[in-house]
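All remarks here apply to the structure that follows.
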Number of protein chains: 2
Amino acid sequence: MKKRSDPVPAKQRLDQMLSKLKEHDFRITPQRLAVLKVLAASDGHPSVERIYDTVKAQFPTTSVATIYKTVALLKQENEVIEISFPDGSNRYDGNKPYPHPHLICTRCKKIVDPDLSSLEDLAKEVTKETGFQITTHRVDFFGLCRECQ
Amino acid sequence: MKKRSDPVPAKQRLDQMLSKLKEHDFRITPQRLAVLKVLAASDGHPSVERIYDTVKAQFPTTSVATIYKTVALLKQENEVIEISFPDGSNRYDGNKPYPHPHLICTRCKKIVDPDLSSLEDLAKEVTKETGFQITTHRVDFFGLCRECQ
DNA sequence: TTTTCTGCAAATGCTTTGCATGGGA
DNA sequence: TCCCATGCAAAGCATTTGCAGAAAA
């Protein structure tokens, strides 16, 4: 059975991202394409460093600044979300660029997307109780994955 | 009616924090006491900068490093929690130093603690679905408060 | 008196910026 | 050709660290 938390096919996401950039008259450079490919899959929710390493394997002269600039552009276009941590290690998700819960293993740093049907109820409960107009959320659970226990 | 999300009296929290530090043979300096007082109340969930400004009013020679060191000590002793943001602006809560949901106004930066009875169900759902052993969580909702809408 | 804490300044680590050169469209 | 993007190095910023002098206990 297909779950809501399952990843979207990377090719499909890549095409969506490319369309968005073209539509807004941004240029498709080889470096950008390489960054997009990593983020379209977003396997394990990559860090800037991991994107950089991957892109550098193909284009050795690439600078980190370019990765940061491209990621910033995609954030601005709502094509990636940023998951930030207290220790200053940011991770990204371009496969599902909308708020969704994460499950983070504190030992192996793996990040998994769980299915959480009751999350909508939570948001409703908050709105009802506080009168806030909720626009987005961040829901992360930390713990040990099955393998690390 | 008293809600779970209501703040603990600041004096009470201060005493708890002082006990913990004495118990572990840390010295109570005037600067530390001043920091503790701010964090015991944690009104609006203060930033390091705001703690610094408050302490400096009483002890003008205080350095930011001392604030950071004291906050780090309290984090280590589980007497404050850190709420980090992508833009690098960390906020702290020493009044309720255990994981709990936050409601953040994106306009006036106010942080409120809502009552969320169904949050426990969520954690259980995650454990059941994924086999993760959940140790902590972070649940933040972003939006506009009643005044800012 | 002993040991820890403070305050200063330098160092760190991630991220951003400025600018000359290069390369999409 | 015309701009935008790249790559490099310098600048920013919050936070951490090292160390000599100050002050708890």
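Lettering follows sequence order; numbering is per chain, from 1.
No engagement by B:Ser89 is indicated, since no non-hydrogen atom pair under 4.0 Å with the nucleic acid exists. Within the 4.0 angstrom heavy-atom criterion, only backbone atoms of the sugar-phosphate kind lie near A:Asn90; the bases stay farther away. Note on B:Glu49: nothing from the nucleic acid sits closer than 4.0 angstrom, heavy atoms only.
Checking C:dG24, D:dA5, D:dC8 against the side-chain heavy atoms of A:Phe26 singles out D:dA5 as nearest. Closest to the side chain of A:Lys69, from the set C:dG7, D:dG7, D:dT15, is D:dG7. Candidate nucleotides D:dG7, C:dG23, C:dT4 were compared by shortest atom distance to the side chain of B:Arg27, and C:dT4 ranks first. You'll find that the side chain of A:Arg32 is closest to D:dA5, out of D:dA24, C:dG7, D:dA5.
Both B:Asp25 and B:Thr61 lie near DNA chain C, and the one whose nearest nucleotide falls closer to the 5' end is B:Asp25. Two residues, B:Ile28 and B:Tyr68, neighbour DNA chain D, and the one matched to the more 5' nucleotide by heavy-atom proximity is B:Tyr68. In this structure, B:Thr29 and B:Ala72 both approach DNA chain D, and ranking their closest nucleotides by distance from the 5' end singles out B:Ala72.
Atom CZ in B:Arg91 sits about 14 Å away from atom P in D:dA14, given to the nearest Å. One interatomic measurement links the two molecules: CD1 of B:Ile51 to C1' of D:dA14, which rounds to 14 Å at whole-angstrom precision. B:Lys56 has its NZ atom 16 Å from the P atom of C:dT6, to the nearest Å. Atom CG in B:Leu18 sits about 11 Å away from atom P in D:dA25, given to the nearest Å. In this structure, B:Lys22 atom NZ and C:dC5 atom P are separated by 15 Å, rounded to whole Å.
Here B:Glu120 pairs with B:Arg4 in a salt bridge; the nearest charged N to carboxylate O distance falls below 4.0 Å.
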Pair A:Ser118, B:Glu125 - check side chain to side chain donor-acceptor pair (under 3.5 Å), show working.
CA-CA 8 Å; A:Ser118 50; B:Glu125 190 181 341; 2.4 Å; yes
I would like to know whether A:Arg32 and A:Glu79 meet salt bridge (charged side-chain N to carboxylate O under 4.0 Å, His left out); could you show each step before the answer?
CA-CA 13 Å; A:Arg32 277 187 178 167; A:Glu79 293 294 325; over 6 Å; no
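OP1 or OP2 of D:dC8 has not a single side-chain nitrogen or oxygen of A:Ser63 nearer than 4.0 Å. The side chain of A:Gln31 contributes an N or O atom lying less than 4.0 Å from OP1 or OP2 of D:dG7.
Between A:His45 and A:His102, the ring planes are perpendicular. Angles over 60° get that label, and only those under 30° would be called parallel.
Cluster annotation: B:Leu144 is not connected to B:Ile111 through the hydrophobic network of ILVMFWY side chains, with a link wherever side-chain heavy atoms come within less than 4.5 Å.
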